[in-house]
Enquirer: 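To start, I am sharing the structure in question, which I have written as structure tokens.
Computed from a predicted model, the values in this text were never measured in an experiment. Lettering follows sequence order; numbering is per chain, from 1.
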Amino acid sequence: MRYQAPRGTEDVLPTDSYKWLKLEAAFRDLTARYGYQELRTPTFEDTDVFLRTAGETSDVVSKEMYTFMDKGGRSITLKPEGTAPAMRALVEHNLCPPGTVTRMSYIIPIFRYDRPQKGRLREAHQFGLELVGSPSPAADAEIIELTVRFYEAIGIKDAVAKLNTLGKDECRAKFREAILTHAAGFLATQPTEYQEKVQKNPLRLLDSKDPEAQQAIREIPPITNYLEDESRSRFDKIQELLTDAGVQFELAPDIVRGLDYYTDTVFEVQSTKLGAQSSLCGGGRYDNLIKDLGGSATPSVGVGMGIERAIIVLDESDGWTGGTRPHAFVVQATESAFKSCQAVVRELRSAGLTALLDIDGKSMKSQMRQADKSGAAVALILGDDEIRRNTVQIKRLGSSEQVEIPIANVLDKVLELQ
RNA sequence: GCGGGUAUAGCUCAGGGGUUAGAGCGCCUGACUGUGGCUCAGGAGGCCGUGGGUUCAAUUCCCAUUACCCGCCCCA
């Protein structure tokens, strides 16, 4: 126990990896049905990709990035989020020419140097979706619907989308001013550090958990008072589409997101099972990001869903339905039966079944215990007597039914008793 | 980055300045011939997180460090 995994990282153990496989399969299956194709990007990017997009004042960029110089003197950053790298690839390979729409998905590790907590790791993983090229509110609604459907598909109950809009540049500027004006009294009582932070990004005030801040926030007129017509009608239309789709959502003015590239729509799905980290995923519209990366202006929407967080929620709600069980465990009743047992195992495996056997020459009692613990549906028992008779004993574990059958019928019988 | 808590067996946790540090679960072996689960008996497994200090004596007290947990910040 000398070494341990680096702080904020974790090993997924063989006994737990089925959870990952299950979520990944659900994600790939569901998104494929909506026409999303998987994009795979490098684990690291030029640091500029993130500096240009996430916003230099955002916490992610200002204090959480894993950035280093490589031996060629390049500034490299392990990706702290998925959207900017995906859009870097999209621009580089011209994946979304003007006038077209592109749907992409990805499964990636993300790295953020922050203090670890429940549901917050330095290396985490996320499922991502990007719907690129469509200015339509139907695009926003599709991403939100797909996200909620994913949580339903993996068994997370009560997945409710929290929806908000941040408007566009001009209206947001007016709204920021309004925040500063209305919260001036409260801010004056705060440490200068916090004042500066809010000065730089007044929206930050809105998701504060401080009760006094909450009080101050109540004085601020809602952003909807400042929205331009286009933003307002988008917001309304999205809600209409989600309602039509039967997707549960709530309006949540406190959702502002930590990355600066969002425009108009922002949303999260939250859970109370995540401790201080309430959000299971976060996403929104980013109409300026692609242009910032040197592409042509392309309206887009996307989402990033935390895999570890989904697993926590499912763990705490007993959301896992049985792992995989072997079909058969082959028991050698006599030492000399080993080769025959291996032949049986080989036959079952080549027919696509999971078949196990002991390779340490343990006692039959021990083998039976192993068979039981493995969760196998049946034990196949083979010794000298059976070999002489060309038979095998087949025992259904969980009951004590046992019959002797011709060895030629093993496969059929094993399948029958599953 | 800031504040607080915890660290003892594979897991969940007791304990205590002084011979061989415990429990439950798990694991291994056995209970007449080649049969699991239940029961019973036996057994393996711990530098008591790491480094330093106080002390005749530290796993126990103190300090530091590392990791995890909780809250803040923030977020997946």
Enquirer: Which listed nucleotide (B:G36, B:A76, B:C69) is nearest to the side chain of A:Ile110?
Expert: B:A76
Enquirer: Hunt down any stem RNA chain B takes part in, defined as 3 or more consecutive Watson-Crick or G-U pairs whose two distances are each under 3.5 Å.
Expert: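 Correct response: B:1-7 with B:66-72, B:10-13 with B:22-25, B:27-31 with B:39-43, B:49-53 with B:61-65.
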Enquirer: Taking A:Val414 as the fixed residue, which of A:Leu417, A:Val410, A:Leu411 is the one that meets the side chain to side chain contact (heavy atoms under 4.5 Å, CB included) rule?
Expert: A:Val410
Enquirer: Could you please name the option among B:U66, B:C74, B:A76 that lies closest to any side-chain atom of A:Arg112?
Expert: B:A76
Enquirer: Measure from the side chain of A:Arg369, starting at C-beta and using heavy atoms only, and say which of B:G37, B:A76, B:C74 lies closest.
Expert: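 Side chain of A:Arg369 sits closest to B:G37.
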Enquirer: In chain order, what residues pass the salt bridge (charged side-chain N to carboxylate O under 4.0 Å, His left out) check against A:Arg103, with sequence neighbours excluded?
Expert: A:Glu142
Enquirer: Categorize A:Gln332 for me: base, sugar-phosphate, or nothing, with a 4.0 angstrom heavy-atom threshold over every strand shown.
Expert: nothing
Enquirer: Holding to side-chain hydrogen bond (donor to acceptor under 3.5 Å, both in side chains), I want the full list of residues that pass it with A:Tyr286, two or more places apart in sequence or in another chain.
Expert: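 Applying side-chain hydrogen bond (donor to acceptor under 3.5 Å, both in side chains) to A:Tyr286 gives A:Glu130.
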Enquirer: Please work out which residues in residues 370-379 of chain A have a non-hydrogen atom less than 4.0 Å from an atom of RNA chain B and list them by number.
Expert: A:Asp372, A:Lys373
Enquirer: Between B:G46 and B:C27, how far apart are the C1' atoms? Round to whole Å, please.
Expert: 16 Å
Enquirer: Describe the nucleic acid contact of A:Lys118 in one word from base, sugar-phosphate, nothing, applying a heavy-atom distance below 4.0 Å.
Expert: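 Sugar-phosphate contact only.
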Enquirer: Touch check for A:Lys395, heavy atoms < 4.0 angstrom, all strands: base, sugar-phosphate only, or nothing?
Expert: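 Base contact.
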Enquirer: Tell me whether the NZ or CZ atom of A:Arg40 lies within the 45° cone about the ring axis of A:Tyr106 and under 6.0 Å from its centre.
Expert: no
Enquirer: Under 3.5 Å, is there a donor-acceptor pair linking the side chains of A:Thr77 and A:Thr67?
Expert: yes
Enquirer: Between the side chains of A:Asp264 and A:Ser231, does any donor sit under 3.5 Å from an acceptor?
Expert: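 Looking only at side-chain atoms, A:Ser231 and A:Asp264 do form a donor-acceptor pair, the distance falling under 3.5 Å.
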Enquirer: Any N or O donor-acceptor pair under 3.5 Å from the base of B:C74 to the side chain of A:Arg120?
Expert: yes
Enquirer: Assign A:Ile307 to base, sugar-phosphate, or nothing according to its heavy-atom contacts below 4.0 angstrom with the strands shown.
Expert: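 No contact.
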Enquirer: A:Ser75: what forms a side-chain hydrogen bond (donor to acceptor under 3.5 Å, both in side chains) with it, not counting sequence neighbours?
Expert: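 With sequence neighbours excluded, A:Ser75 shows a side-chain hydrogen bond (donor to acceptor under 3.5 Å, both in side chains) to A:Thr47, given in chain and number order.
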Enquirer: Select base, sugar-phosphate, or nothing to describe what A:Ser400 touches, counting heavy atoms under 4.0 Å on all strands.
Expert: base
Enquirer: Could you tell me how far B:U35 sits from B:G30 if I compare only their C1' atoms? Round to whole Å.
Expert: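 B:G30 and B:U35 have their C1' atoms separated by 15 Å.
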Enquirer: May I ask you to say what A:Tyr113 touches in the nucleic acid, namely base, sugar-phosphate or nothing, with a heavy-atom cut-off under 4.0 Å?
Expert: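 Sugar-phosphate contact only - A:Tyr113 comes under 4.0 Å of backbone atoms but never of a base.
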Enquirer: Starting the side chain at C-beta, find the nucleotide from B:C74, B:G36, B:C28 nearest to A:Lys362.
Expert: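 Output: B:C28.
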Enquirer: Under the rule for salt bridge (charged side-chain N to carboxylate O under 4.0 Å, His left out), what residues qualify as partners of A:Glu386, not counting sequence neighbours?
Expert: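 Listed in chain order: nothing, the list is empty.
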Enquirer: Measuring only the P atom in each nucleotide, how far is B:G71 from B:G52? A whole number of Å is fine.
Expert: 35 Å
Enquirer: Distance-only, no hydrogens or angles: does the A:His125 side chain make a donor-acceptor pair with backbone N or O of A:Pro109 under 3.5 Å?
Expert: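 Side chain of A:His125 to backbone of A:Pro109: no pair is present.
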